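Values in this document were obtained by computation on a predicted structure and should not be read as measured data.
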Amino acid sequence: MDLAQYFPRLFDGLGVSLQLTAISVVCGYLIGLLFALGAASIRPWLRWPTLVIIEIGRGIPALVVLYIAYYGLPSIGILLENFTAAAFGLTFTVAAYSSETIRAGLQSVATAQREASAALGLSSLTTFVRIILPQGMRSAVPALMGLAIQSFQGTSLAYSISVNELMSQSYQVSTMTFEYLKVYAITGLIYVAIAVPATWLSMLVERRLARGHV
């Protein structure tokens, strides 16, 4: 059977997977930054609840988070469409994992630079935005790029709540054609075609950062 006629469906699914990746990574990293700041706070009332949220996000499998968002929240009156529930669940998971990477990056900035900024009369906010944040994020970039790749692969979990992403489309095509091996092999190659070049790019960026070129 000629599977080429089904490629548009697979690529439509890939588009949905990439949308989920973009949303979960961008929003997840922004929320992860807030989590990192909260976890590093000197105020116990902020630090401890943030740490609890982070550990919950890191401890619960992403699939369970998706099920809670899609099947669990309606029991308390919160109804989310399957795509929205997937984006919410994946974003929460990305935020929890990225927060520790971001926090480590921010803490890697030398204390001397903070002291020098204070000596120059810079405010705490200015010091953070112009000095600490750029350098901290620079250190965190390689790990965050790796997490983005894992997030793309993790979008396949959205199949479990009926989101028409790549895995869901491949399942539908395979049930129509009964070419399970071929369809899933093609699906795997599509994931590889995205993930492997992204991994190479991540390694290149890491080397250039180590040399101070980026």
Engineer: Has S168 got a side-chain atom pairing as donor or acceptor with E165's backbone, closer than 3.5 angstrom?
Structural biologist: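 No, because the side chain of S168 does not come within donor-acceptor range (under 3.5 Å) of the backbone of E165.
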Engineer: When rounded to the nearest 0.5 angstrom, what distance separates OG1 in T177 from CD in Q172?
Structural biologist: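 That separation rounds to 11.5 Å.
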Engineer: Can you tell me how far the CD atom of Q107 sits from the CD1 atom of I132, to the nearest 0.5 Å?
Structural biologist: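 These two atoms lie 11.0 Å from each other.
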Engineer: Side-chain contact, heavy-atom cut-off 4.5 Å: T93 with R58?
Structural biologist: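 T93 vs R58: side chains apart.
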Engineer: Taking all heavy atoms of G154 and all of L90, pick out the closest pair and write down the distance.
Structural biologist: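 So the minimum-distance heavy-atom pair works out to O-CD2, 4.1 Å.
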Engineer: Is it possible for you to say whether L73 and L63 belong to one hydrophobic cluster, with membership spreading through side-chain heavy-atom contacts below 4.5 Å?
Structural biologist: no
Engineer: Do I186 and F178 sit in the same hydrophobic cluster, where Ile, Leu, Val, Met, Phe, Trp and Tyr count as joined when their side-chain heavy atoms come under 4.5 Å apart?
Structural biologist: yes
Engineer: Where do L14 and F152 land on the side-chain contact (heavy atoms from CB on, under 4.5 Å) test, with the steps shown first?
Structural biologist: CA-CA 10 Å; L14 175 61; F152 166 66; 4.0 Å; yes
Engineer: side-chain contact (heavy atoms from CB on, under 4.5 Å), that's the test. Do L106 and L133 meet it? Break it down for me.
Structural biologist: CA-CA 6 Å; L106 296 177; L133 183 60; 4.1 Å; yes
Engineer: Using a cut-off of 6.0 Å, state whether more than 12 heavy atoms not belonging to L181 lie near its atom CG.
Structural biologist: no
Engineer: Please round to the nearest 0.5 Å and tell me the distance separating atom OH of Y6 and atom CD of E179.
Structural biologist: 10.0 Å
Engineer: Count the heavy atoms of every other residue, nucleotide or ligand shown that sit under 6.0 Å from OH of Y191, and state whether that count exceeds 12.
Structural biologist: yes
Engineer: Do I149 and M145 come close enough that some side-chain heavy atom pair is under 4.5 Å?
Structural biologist: no
Engineer: Calculate, to the nearest 0.5 Å, the distance between atoms CD and CD1 belonging to E100 and I54 respectively.
Structural biologist: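 Separation between the atoms: 5.0 Å.
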Engineer: Can you name the closest pair of heavy atoms from S139 and S108 and give their distance?
Structural biologist: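 Closest pair (atom of S139, atom of S108, distance): OG-OG, 3.5 Å.
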Engineer: Suppose we screen for side-chain hydrogen bond (donor to acceptor under 3.5 Å, both in side chains). Which residues come up paired with Q153, at least two apart in sequence or across chains?
Structural biologist: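 Once residues adjacent in sequence are excluded, Q153 has no partner under the side-chain hydrogen bond (donor to acceptor under 3.5 Å, both in side chains) criterion.
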Engineer: What are the two closest heavy atoms between A62 and L157, and how far apart are they?
Structural biologist: CB-CD1, 3.7 Å
Engineer: Is any side-chain heavy atom of F83 closer than 4.5 Å to one of V16?
Structural biologist: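 Contact flag for V16/F83 side chains = yes.
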Engineer: F7 vs F11 aromatic rings, parallel, tilted or perpendicular, using cut-offs 30° and 60°?
Structural biologist: perpendicular
Engineer: What pair of heavy atoms forms the shortest contact from S99 to A96, and how long is it?
Structural biologist: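 For S99 and A96, the tightest heavy-atom pair comes out as OG-O, 2.7 Å.
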Engineer: With clusters defined by side-chain heavy atoms of hydrophobic residues (ILVMFWY) lying less than 4.5 Å apart, directly or transitively, does L10 cluster with I194?
Structural biologist: yes
Engineer: Looking only at non-hydrogen atoms, find the nearest pair between A143 and T101 and report the distance.
Structural biologist: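 Closest approach of A143 to T101: CB-CG2, 3.6 Å.
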Engineer: Determine whether a donor-acceptor pair (N or O, by modelled atom type, separation under 3.5 Å) exists between the side chain of S202 and the backbone of A198.
Structural biologist: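 No, because the side chain of S202 does not come within donor-acceptor range (under 3.5 Å) of the backbone of A198.
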Engineer: Under the side-chain contact (heavy atoms from CB on, under 4.5 Å) criterion, do I53 and F92 qualify, and how do the steps go?
Structural biologist: CA-CA 10 Å; I53 294 173; F92 177 68; 3.9 Å; yes
Engineer: On a heavy-atom basis, which atom in Y97 and which in G57 lie closest, and how many Å separate them?
Structural biologist: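 For Y97 and G57, the tightest heavy-atom pair comes out as CE1-O, 4.1 Å.
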Engineer: Going only through I, L, V, M, F, W and Y residues with side-chain contacts under 4.5 Å, is there a path from I78 to V163?
Structural biologist: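 No; tracing contacts between hydrophobic side chains, which count when under 4.5 Å, never links both residues.
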Engineer: Which pairs would a plain distance check flag for residues 20-40, meaning a side-chain donor or acceptor within less than 3.5 Å of a matching protein atom at least two apart in sequence or in another chain?
Structural biologist:
unit_1	atom_1	unit_2	atom_2	d
T21	OG1	S17	O	2.8
S24	OG	L20	O	2.9
S24	OG	T21	O	3.2
Y29	OH	L144	O	2.3
Y29	OH	A148	N	3.4

Engineer: Compare all side-chain heavy atoms of E55 with those of V52 and state whether any distance is below 4.5 angstrom.
Structural biologist: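 Answer no - side chains too far apart.
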Engineer: Report the C-alpha separation of F88 and Y70 in whole Å, then their side-chain angles, then the decisive distance to 0.1 Å, and conclude whether the ring pair (Phe, Tyr, Trp, His ring centres under 6.0 Å) test is met.
Structural biologist: CA-CA 9 Å; F88 173 81; Y70 188 61; over 10 Å; no
Engineer: Membership question, hydrophobic clusters at under 4.5 Å side-chain separation (ILVMFWY): are W200 and V192 in the same one?
Structural biologist: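 Yes; tracing contacts between hydrophobic side chains, which count when under 4.5 Å, links both residues.
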Engineer: With distance as the sole test, does R9 use its side chain to make a donor-acceptor pair with the main-chain N or O of Q169 at under 3.5 Å?
Structural biologist: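 Such a contact is absent between R9 side chain and Q169 backbone.
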Engineer: Indicate yes or no for a side-chain donor-acceptor contact from T84 to the backbone of L80 under 3.5 Å, with no hydrogens or angles considered.
Structural biologist: no
Engineer: Do Y71 and I161 have side-chain heavy atoms sitting under 4.5 Å apart?
Structural biologist: yes
Engineer: Can you find a heavy atom in the side chain of M167 that is under 4.5 Å from one in the side chain of Y184?
Structural biologist: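 A side-chain contact under 4.5 Å exists here.
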